[in-house]
Amino acid sequence: MASIRYLVNDVDEAVAFYRDKLSFVLKQQFGPAMAILESEGLTLWLAGPLASASRPMPDGRKPEPGGWNRFVLEVTDLPALVEALRAQGVPFRNAIVEGPGGRQILCEDPSGNVIELFQRA
């Protein structure tokens, strides 16, 4: 089984975001260091600044949240979800775009990690 790890600035804030806005279920939390959530077969590890995954690399680089890599959540009504998330203050990086396979948009969690919301054509 594969899991995705996202580095976050605040584990409690990230848990609330994924649980309350994207319907993930909290499975386990290790205080402010890390939490494990699940949604429809996706296991998401949220690693805060106190997690071992956040320690600097031997060359001095420090892991940090953000970037462009992302996981995709398939949804059934993309416009309605986008409207609901915008009303809750969730930031988006773009507008809904259409391609041959469907429609997508990129939103951010509270630490700036990207989530792609996708609706099949």
Side-chain angles (χ1 to χ4, degrees):
M1 173 184 211
S3 297
I4 293 173
R5 182 191 302 268
Y6 263 0
L7 299 172
V8 297
N9 296 321
D10 182 306
V11 171
D12 289 330
E13 180 182 47
V15 165
F17 174 84
Y18 285 99
R19 182 191 60 223
D20 301 342
K21 294 183 177 18
L22 298 176
S23 301
F24 277 73
V25 175
L26 178 63
K27 292 299 186 179
Q28 196 169 13
Q29 186 165 349
F30 305 93
M34 186 176 163
I36 298 171
L37 297 98
E38 291 181 354
S39 176
E40 298 186 31
L42 172 64
T43 301
L44 179 61
W45 297 4
L46 301 174
L50 300 177
S52 58
S54 298
R55 293 180 187 154
M57 299 293 108
D59 66 2
R61 288 183 293 163
K62 186 174 183 330
E64 59 186 354
W68 291 96
N69 293 323
R70 59 196 180 255
F71 62 86
V72 178
L73 292 178
E74 288 194 40
V75 302
T76 56
D77 187 347
L78 184 61
L81 179 58
V82 169
E83 183 179 328
L85 292 174
R86 279 201 171 117
Q88 297 175 60
V90 174
F92 287 83
R93 290 192 178 182
N94 63 340
I96 294 174
V97 296
E98 291 196 39
R103 301 184 289 177
Q104 65 175 304
I105 192 168
L106 304 178
C107 68
E108 296 181 353
D109 75 8
S111 297
N113 293 307
V114 184
I115 302 124
E116 180 178 322
L117 305 174
F118 177 80
Q119 181 178 348
R120 289 182 189 270

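For the numbers below, each heavy atom of this structure counts, side chains included, while hydrogens, waters and symmetry mates do not.
Side-chain heavy atoms closer than 4.5 Å link hydrophobic residues (I, L, V, M, F, W, Y) into clusters, and following such links, possibly through other members, connects Leu22 to Ile4. Note on Leu85 and Phe118: separate hydrophobic clusters, where clusters join Ile, Leu, Val, Met, Phe, Trp and Tyr whose side-chain heavy atoms are under 4.5 Å apart, directly or indirectly.
Counting heavy atoms from C-beta outward, Phe17 and Leu46 have side chains that stay 4.5 Å or more apart. Looking at Leu50 and Val11, their side chains never come closer than 4.5 Å, going by heavy atoms from C-beta outward. You'll find the side chain of Ile36 reaches within 4.5 Å of the side chain of Phe30, heavy atoms only.
For the atom pair CD1 (Ile115) and CZ (Arg70), the distance works out to 11.0 Å, reported to the nearest 0.5 Å. The CG atom of Leu37 lies 8.5 Å from the CZ atom of Arg19; values are rounded to the nearest 0.5 Å. Taken from CH2 in Trp45 to NZ in Lys27, the straight-line distance is 15.5 Å, to the nearest 0.5 Å.
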Show me the donor-acceptor pairs, under 3.5 Å and distance only, between side chains in residues 94-114 and residues at least two apart or in other chains.
residue : atom : partner : partner atom : Å
Asn94   : OD1  : Leu106  : N            : 2.9
Arg103  : NH2  : Gln119  : OE1          : 3.0
Glu108  : OE2  : Arg93   : NE           : 2.6
Glu108  : OE2  : Arg93   : NH2          : 3.4
Asp109  : OD1  : Ser111  : N            : 2.8
Asp109  : OD1  : Gly112  : N            : 3.1
Asp109  : OD1  : Asn113  : N            : 3.0
Asp109  : OD2  : Tyr18   : OH           : 2.9
Asp109  : OD2  : Asn113  : ND2          : 3.1
Ser111  : OG   : Asn9    : N            : 2.7
Asn113  : OD1  : Gly66   : N            : 2.9
Asn113  : ND2  : Leu7    : O            : 2.8

Extract all donor-acceptor atom pairs below 3.5 Å that involve side chains of residues 52-62 and protein atoms in other chains or at least two apart in sequence.
residue : atom : partner : partner atom : Å
Ser54   : OG   : Gly48   : O            : 2.7
Asp59   : OD1  : Arg61   : N            : 3.0
Asp59   : OD1  : Arg61   : NE           : 3.4
Asp59   : OD2  : Arg61   : NE           : 2.8
Asp59   : OD2  : Arg61   : NH2          : 3.2

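Residue pairs meeting the ring pair (Phe, Tyr, Trp, His ring centres under 6.0 Å) criterion with at least one partner in residues 59-82, sequence neighbours excluded, are Tyr6-Phe71. Listed by first and then second residue, the side chain to side chain donor-acceptor pair (under 3.5 Å) pairs involving residues 74-86 are Glu74-Arg120 (not counting sequence neighbours).
Heavy atoms only, all atoms of each residue included: Ser23 and Ser39 are closest at O-OG, 4.3 Å.
Judged as a side chain to side chain donor-acceptor pair (under 3.5 Å), and not counting sequence neighbours, Glu13 has no contacts. Asp10 meets the side chain to side chain donor-acceptor pair (under 3.5 Å) test with no other residue; sequence neighbours excluded.
Atom CG of Asp20 is surrounded by more than 12 heavy atoms from other residues, nucleotides or ligands within 6.0 Å. Within 6.0 Å of the CD atom in Gln88, the count of heavy atoms belonging to other residues, nucleotides or ligands exceeds 12.
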